[in-house]
Enquirer: 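One structure, as structure tokens, below. Some questions next.
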Amino acid sequence: MAATTVSAGSEKTFFGHPRGLATLFMTEMWERFSYYGMRALLVLYLVSGGADAATGSQGGGLAMTAATATAIYSVYVSMVYLMAMPGGWFGDRVWGARKTVAIAGFVIMAGHLSLALPGQAMFFVGLALVAAGSGLLKANISTMVGHLYDGPDDPRRDGGFTLFYIGINLGAFVAPFVVGTVGEKVNWHLGFALAAAGMGLGLLQFLIGTKNLSPKSNVVPNPLSAAERKSILVKVCAVLVVAAAFYGVVIAMGMYTLNWAIVPITLAGLIIPVAVLVRIKRDKDLSTTEQSKMTGYIWFFVAAAVFWMIYDQGGSTLSLFADGKTADTVFGFGFPATWYQSLNPLFVMALAPVFAWLWLWLARKNQEPNTIVKFAMGLVLVGASFFVFIVPMNMAGDGTKVSPMWLVSIYMIQTIGELCLSPVGLSVTTKMAPQKYASQMMGVWFLAVTAGDCTTGLLSLAGVDLNGTGVIAMEASLAVVAGLAVYMYRKKVQALMGDVH
């Protein structure tokens, strides 16, 4: 991206914004390229070579069942968002945002390189590294964007975050065409290697451009004391020793299976969000107003968890359907199943400006839906997308390959739902956060994704066929009922929210 020069002086800018935004834009774009490229391959690689792989697909995968692959995918995505909380903690208390992002880049790249090596052991090591690194980076790079501006009232701030958001979706859009095509059609491990190369380019861009970042990004806002550091090290070591001893016994007894690793992680992904919300809600330091807002926020949190439970199946349930039961040609032009993963970022980039204009237009007419109604709309839409999904599922029951336009329609409906719920959820989180937990509440919002995805993972581990029409109908009904419930109780929720609208 070329910088422009301000006429008033020699200071270089990035479309009128601080030059450091170009560094963060490119870093995030390449990180999302690596993440979404790998994610597009993940489920297809897991089932490759097994009974649930598409006819004629390349071998060389891990030959897992669709249920196991969906569980692993769901747990992986949930861990990325769960790790955002400790990622923010490392930035605030140990390394500072800039150093944390640099370390995260190396960890992510190492993870993708591990995925590029054959073998199940290296695969799970790689998956863990990418999840940990993504969590470290996600929590801190947005903070550094904020550091570039003169406080919350800087008129360029919203525009800067909009440009940054474009970088996220640009990387996510391009990745399936490059990483997905090479991985699915040439070699899985070469695709993972391309994801590593993408993160490598992002890391290089970050290290070269770090001089353009704000000095605040180097500061550790609340550093650990020597006593705190020692206490944490002792606790971490104790947990690792107990875990190593437990799994050592399980392996020695010949009882170890993959579920011994996946089930505890999945349960933790459900328990931790609940525990965090309970801890905040029961904090005696909160005022009556803050307590009320937290009660109202729980409505949004649960609604978001239901939304993400369905939405994130775009990379698992919908991806498997695209691979095995959807035609791979349009007007004689063939394409791999991974390309469907580019639809969501494409629709986001196309529709986000439309929705921004629509909300402003309705606001001028005093008709803009409030936060609660937008949440209800998002839930109903994501539920409707799965009701639509039932139609091609029934059409493909006799082996017929359905039109790609079915999946295009489903992804578009889900993206419209996302644009109703996700930006509003981020905004309402900052508005309803108790002062004591102002910096932690964004991590709490990400925990809604963790809870939703872990629910999907737990259903898969319990033997529920998430690729069956009955379960799809049940999930769709749950989302629509949840949306209607939020709408029906909107006055009660609004009363709990106080002055937040």
Side-chain angles (χ1 to χ4, degrees), residues 28 32 35-36 39 77-78 80-82 84-85 134-135 138-139 141-142 145 158 161-173 273 297-315 318 341-360 368-386 410-433 441-453 455-456 479 482-483 486-487 493 500-501:
E28 180 71 353
R32 292 290 89 182
Y35 173 78
Y36 280 99
R39 203 181 87 153
V77 174
S78 71
V80 168
Y81 288 92
L82 180 62
M85 283 201 77
S134 297
K138 179 181 288 293
I141 196 164
S142 296
V145 174
D158 286 352
F161 274 97
T162 300
L163 277 173
F164 182 70
Y165 192 62
I166 290 171
I168 292 172
N169 284 284
L170 190 59
F173 171 70
Y297 185 75
I298 290 171
W299 280 78
F300 294 109
F301 185 92
V302 174
V306 173
F307 178 89
W308 296 118
M309 179 184 73
I310 294 176
Y311 180 89
D312 275 344
Q313 289 183 57
L318 291 179
Q341 300 303 308
S342 289
L343 288 172
N344 170 251
L346 173 64
F347 288 139
V348 168
M349 289 188 290
L351 296 176
V354 176
F355 271 76
W357 170 84
L358 177 64
W359 299 141
L360 285 173
E368 182 187 4
N370 64 22
T371 297
I372 305 166
V373 174
K374 288 177 183 176
F375 254 73
M377 291 166 60
L379 281 167
V380 170
L381 282 165
V382 82
S385 75
F386 262 30
I410 292 165
Y411 280 114
M412 184 174 71
I413 295 169
Q414 291 189 348
T415 303
I416 294 172
E418 177 193 4
L419 291 171
C420 289
L421 183 142
S422 186
V424 175
L426 290 168
S427 177
V428 81
T429 298
T430 59
K431 291 176 181 177
M432 295 177 70
M441 282 298 288
M442 199 56 70
V444 173
W445 168 251
F446 288 138
L447 288 180
V449 185
T450 298
D453 284 317
T455 301
T456 304
V486 169
Y487 182 77
V493 178
V500 177
H501 298 285

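The model shown is predicted, which means the values in this text are computed figures rather than measured ones.
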Enquirer: Quick one: pull up CG in Leu419 and CG in Leu358 and give me the separation to the nearest 0.5 Å.
Expert: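 CG of Leu358 is found 11.0 Å from CG of Leu419.
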Enquirer: Of all residues at least two apart in sequence or in a different chain, which pass the ring pair (Phe, Tyr, Trp, His ring centres under 6.0 Å) check with Phe375?
Expert: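 For Phe375, the residues satisfying ring pair (Phe, Tyr, Trp, His ring centres under 6.0 Å) (neighbours in sequence not counted) are Phe300.
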Enquirer: Return the CZ to CD1 distance between Phe164 and Ile141, rounded to the nearest 0.5 Å.
Expert: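 Taking CZ in Phe164 and CD1 in Ile141, the distance rounds to 4.5 Å.
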Enquirer: Could you tell me which residues satisfy side chain to side chain contact (heavy atoms under 4.5 Å, CB included) with Tyr487, sequence neighbours excluded, listed by chain and number?
Expert: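 Counting only residues at least two positions away or on another chain, Tyr487 forms a side chain to side chain contact (heavy atoms under 4.5 Å, CB included) with Val373, Ala376, Arg490.
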Enquirer: Sequence neighbours left out, what pairs pass salt bridge (Lys or Arg N to Asp or Glu O under 4.0 Å) with at least one residue falling in residues 369-384?
Expert: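 Residue pairs passing salt bridge (Lys or Arg N to Asp or Glu O under 4.0 Å), neighbours aside: Glu368-Lys374.
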Enquirer: Thr415 side chain to Tyr411 main-chain N or O, any donor-acceptor pair under 3.5 Å?
Expert: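 Side chain of Thr415 to backbone of Tyr411, a donor-acceptor pair under 3.5 Å: yes, one is there.
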Enquirer: Which heavy-atom pair separates Cys420 from Leu381 by the least distance, and what is that distance?
Expert: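 Nearest pair, atom of Cys420 first, then Leu381: SG-CD1, 4.2 Å.
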Enquirer: Determine the minimum heavy-atom distance between Ser342 and Ala172, stating which atoms define it.
Expert: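 Here Ser342 and Ala172 meet closest at OG-O, 4.4 Å.
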Enquirer: Indicate the atoms forming the closest heavy-atom contact of Pro353 with Ala350, along with that distance.
Expert: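 What the structure gives for the nearest pair is CD-O, 3.7 Å.
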Enquirer: Which pairs pass side chain to side chain donor-acceptor pair (under 3.5 Å) with one or both residues in residues 298-307, sequence neighbours excluded?
Expert: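 Passing the test, one end in residues 298-307: no pairs.
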Enquirer: To the nearest 0.5 Å, what is the distance between CG on Leu421 and OG1 on Thr371?
Expert: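 If we round to the nearest 0.5 Å, Leu421:CG and Thr371:OG1 are 10.5 Å apart.
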Enquirer: Name all residues meeting the ring pair (Phe, Tyr, Trp, His ring centres under 6.0 Å) criterion together with Tyr311; count only those two or more places apart in sequence or in a different chain, and write none if there are none.
Expert: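 Tyr311 satisfies ring pair (Phe, Tyr, Trp, His ring centres under 6.0 Å) with Phe307, Trp308 only.
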Enquirer: Name all residues meeting the side chain to side chain donor-acceptor pair (under 3.5 Å) criterion together with Ser385; count only those two or more places apart in sequence or in a different chain, and write none if there are none.
Expert: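 Counting only residues at least two positions away or on another chain, Ser385 forms a side chain to side chain donor-acceptor pair (under 3.5 Å) with Gln414.
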Enquirer: Among residues at least two apart in sequence or on other chains, which ones pass side chain to side chain donor-acceptor pair (under 3.5 Å) with Ser134?
Expert: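 Side chain to side chain donor-acceptor pair (under 3.5 Å) check on Ser134 returns nothing, list empty.
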Enquirer: Report the C-alpha separation of Phe347 and Glu418 in whole Å, then their side-chain angles, then the decisive distance to 0.1 Å, and conclude whether the side chain to side chain contact (heavy atoms under 4.5 Å, CB included) test is met.
Expert: CA-CA 10 Å; Phe347 288 139; Glu418 177 193 4; over 6 Å; no
Enquirer: List the steps, then state whether side chain to side chain contact (heavy atoms under 4.5 Å, CB included) holds for Val493 with Val486.
Expert: CA-CA 8 Å; Val493 178; Val486 169; 5.8 Å; no
Enquirer: Taking the six-membered ring of Tyr35 as reference, does the cationic atom of Arg32 (NZ for Lys, CZ for Arg) lie under 6.0 Å from its centre and within 45° of its axis?
Expert: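 Checked: cation-pi criterion met.
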Enquirer: Report the residues that fulfil side chain to side chain donor-acceptor pair (under 3.5 Å) with Thr429, sequence neighbours left out, ordered by chain and then residue number.
Expert: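 Tyr297.
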Enquirer: Going by the rule ring pair (Phe, Tyr, Trp, His ring centres under 6.0 Å), which residues pair with Trp359 if we only count those two or more places apart in sequence or in a different chain?
Expert: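 Partners of Trp359 under the ring pair (Phe, Tyr, Trp, His ring centres under 6.0 Å) test: Phe355.
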Enquirer: Would you give the length of the straight line joining atom CG of Leu163 to atom CD1 of Ile168, rounded to the nearest 0.5 angstrom?
Expert: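 If I round to the nearest 0.5 Å, the distance is 11.5 Å.
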Enquirer: Indicate yes or no: at least one non-hydrogen side-chain atom of Asp453 is less than 4.5 angstrom from one of Met309.
Expert: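 Side-chain contact under 4.5 Å: no.
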Enquirer: Distance from Glu28 atom CD to Leu170 atom CG, nearest 0.5 Å?
Expert: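 So the gap between those two atoms works out to 11.5 Å.
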Enquirer: Sequence neighbours left out, what passes ring pair (Phe, Tyr, Trp, His ring centres under 6.0 Å) with Phe301? Give chain and number order.
Expert: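 So Phe301 forms no ring pair (Phe, Tyr, Trp, His ring centres under 6.0 Å) with any residue.
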Enquirer: Any side-chain heavy atom of Met85 within less than 4.5 Å of one from Phe446?
Expert: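 Sidechains of Phe446 and Met85: no contact.
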Enquirer: Please determine whether side chain to side chain contact (heavy atoms under 4.5 Å, CB included) holds for the pair Leu343 and Met412, giving the CA-CA distance in whole Å, both sets of side-chain angles, and the decisive distance to 0.1 Å.
Expert: CA-CA 8 Å; Leu343 288 172; Met412 184 174 71; over 6 Å; no
Enquirer: Go through the steps to decide whether Val80 and Val77 satisfy the test side chain to side chain contact (heavy atoms under 4.5 Å, CB included), and finish with yes or no.
Expert: CA-CA 5 Å; Val80 168; Val77 174; 5.6 Å; no
Enquirer: Measuring from atom CG of Asp312 to atom CG of Leu318, what distance do you get when rounded to the nearest 0.5 angstrom?
Expert: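 Between atom CG of Asp312 and atom CG of Leu318 there are 11.0 Å.
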Enquirer: Tell me, please, which residues at least two apart from Tyr81 pass side chain to side chain donor-acceptor pair (under 3.5 Å).
Expert: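 With neighbours one apart ignored, the set is empty.
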